[in-house]
Amino acid sequence: MTHAADLPAWAALLTALLVLLGAGLTLVGAIGTLRLGSFFERVHAPTLGTSWGTGAIVLASIVCFSVLGSRVVLHEFLIGVFITVTTPVTLTLLVRAALYRERAEGNTDVPARSVLRAPQSLNRREPGGDTAR
Amino acid sequence: MTADILLWSVTVAQAMLVIAMGCNTYRLIRGPRAQDRVLSFDAMYVIAMLLVLTFGIRTGNAFYFEAALIIAALGFVSSVALAKFLMRGEVIE
């Protein structure tokens, strides 16, 4: 921690505040994965860590390293943009797979099917009917 | 003085991230179905990346940034592969 003495007071306090904010939000999201009841409620919890948990810690890193002047600031934005872009893709794929699994097993307590989609458009084929369509 | 504040807040933040990772490890072991395990794995790689970033702030070393970027990229690819496997039963079709 020798570099911290080189930081001015406002930068050190801002970095400390942002790091604590990000870690606290991530912890709240992780506690949410323990406490929430079903999978479709639980899938909302880690997004606290991927939105502002990541954002605050990336901002803290930007403030720390740009005030220290050791390298270019904009590298950290790459992590923020990457996490922001990839998290919805992953969670959409995962929830779609979970819905497919639950409906294939005939589970009834899953979220309702969207009214915008025709009911036969779900790719569930009846066994033995492979010549029909 | 402010250096001590920064040191202690980074230490507390790392402890919080480790506790968050412990919560997700519990869900990874006890999760009732496979999608819960994939979800907690997805949260765990993000938390590991944040831990690496806080190590970078703590030590002032620029090399931790590349490690965090590699963790983010590989974690995304593996989570998508796991979700695809849950959907189809195979990854590459």
Side-chain angles (χ1 to χ4, degrees), chain A residues 1-13 15-17 19-24 26-34 39 42-43 45-46 49-50 53-54 57-58 60-61 64-65 68 70-71 75-76 78-79 82-83 86-87 89-98 100-102, chain B residues 1-10 12-17 19-24 26-27 30-36 38-40 42-44 46-47 49-51 53-54 56-62 64-66 68-69 72-73 75-77 79-80 82-88:
Chain A
M1 213 67 189
T2 56
H3 71 287
D6 302 336
L7 279 175
W10 63 272
L13 288 180
T15 306
L17 195 67
V19 164
L20 280 180
L21 176 70
T26 311
L27 179 60
V28 168
I31 291 172
T33 60
L34 286 188
F39 171 76
R42 236 175 272 142
V43 79
T50 57
T54 306
I57 291 183
V58 162
S61 184
C64 179
F65 284 110
L68 280 178
S70 62
R71 65 196 161 95
H75 285 180
E76 264 92 0
L78 207 55
I79 288 182
F82 192 80
I83 290 294
T86 57
T87 301
V89 177
T90 310
L91 291 185
T92 306
L93 277 174
L94 185 60
V95 168
R96 200 173 284 172
Y100 177 73
R101 282 169 64 109
E102 298 275 351
Chain B
M1 176 59 193
T2 54
D4 288 340
I5 290 175
L6 183 57
L7 172 66
W8 277 104
S9 63
V10 169
V12 169
Q14 282 174 343
M16 281 183 191
L17 288 175
I19 293 171
M21 200 170 241
C23 295
N24 278 304
Y26 177 81
R27 185 53 78 185
R30 287 291 305 275
R33 304 211 58 198
Q35 51 257 33
D36 296 291
V38 176
L39 179 67
S40 64
D42 184 71
M44 274 173 80
V46 173
I47 296 172
M49 189 205 68
L50 293 181
L51 262 178
L53 273 183
T54 52
I57 294 174
R58 186 192 186 100
T59 58
N61 200 337
Y64 285 102
F65 163 75
E66 278 89 5
L69 197 58
F76 166 66
V77 171
S79 288
V80 166
L82 283 172
K84 193 94 168 49
F85 180 76
L86 285 187
M87 186 84 178
R88 297 284 185 185

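A quick note: this is a predicted structure, and the numbers were derived from the prediction, not measured. Numbers restart at 1 for each chain; the letters A, B, ... are given by sequence-line order, proteins then strands.
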Output the option from [options] having the highest count of non-hydrogen pairs under 4.5 Å with chain A.
{"options": "B/M16, B/Q14, B/Q35", "value": "B/Q35"}
{"options": "B/L51, B/D42, B/V12, B/I47", "value": "B/D42"}
{"options": "B/A68, B/A73, B/A43", "value": "B/A73"}
{"options": "B/P32, B/A15, B/A20", "value": "B/A20"}

Report which part of [X] has an atom under 4.5 Å of a heavy atom belonging to chain B: side chain, backbone, both, or neither.
{"X": "A/L93", "answer": "both"}
{"X": "A/L17", "answer": "neither"}
{"X": "A/L94", "answer": "both"}
{"X": "A/F82", "answer": "side chain"}
{"X": "A/V89", "answer": "side chain"}
{"X": "A/A60", "answer": "both"}

> When you look at CZ of B/R33, are more than 12 heavy atoms from neighbouring residues, nucleotides or ligands closer to it than 6.0 Å?
Replying inline: yes
To check you understand the geometry: which heavy-atom pair defines the closest contact between [X] and [Y], and what is its length?
{"X": "A/G49", "Y": "B/V46", "value": "O-CG1, 4.3 Å"}
{"X": "A/L20", "Y": "B/S9", "value": "CD2-O, 3.6 Å"}
{"X": "A/A30", "Y": "B/N24", "value": "CB-ND2, 3.9 Å"}
{"X": "A/R101", "Y": "B/L86", "value": "NH1-CD2, 3.3 Å"}
{"X": "A/A12", "Y": "B/L6", "value": "O-CD1, 3.8 Å"}
{"X": "B/D36", "Y": "A/F39", "value": "OD1-CD1, 3.2 Å"}

> Parallel, tilted or perpendicular: which fits the ring planes of A/H75 and B/F65, with parallel below 30° and perpendicular above 60°?
Replying inline: parallel
> Out of A/I79, A/I57, A/V58, which one pairs with B/L50 under the side-chain contact (heavy atoms from CB on, under 4.5 Å) rule?
Replying inline: A/I57
> In Å and rounded to the nearest 0.5 Å, what is the CE to OG1 distance from B/M21 to A/T26?
Replying inline: 11.0 Å
> Looking at CG of B/L82 and OG1 of A/T90, how far apart are the two atoms once the value is rounded to the nearest 0.5 Å?
Replying inline: 10.5 Å
> Are A/P46 and B/L39 side-chain neighbours, meaning at least one heavy-atom pair lies under 4.5 Å?
Replying inline: yes
>> Please identify, among A/T86, A/V19, A/T87, the residue contributing the most non-hydrogen atom pairs under 4.5 Å to chain B.
In response: A/T86
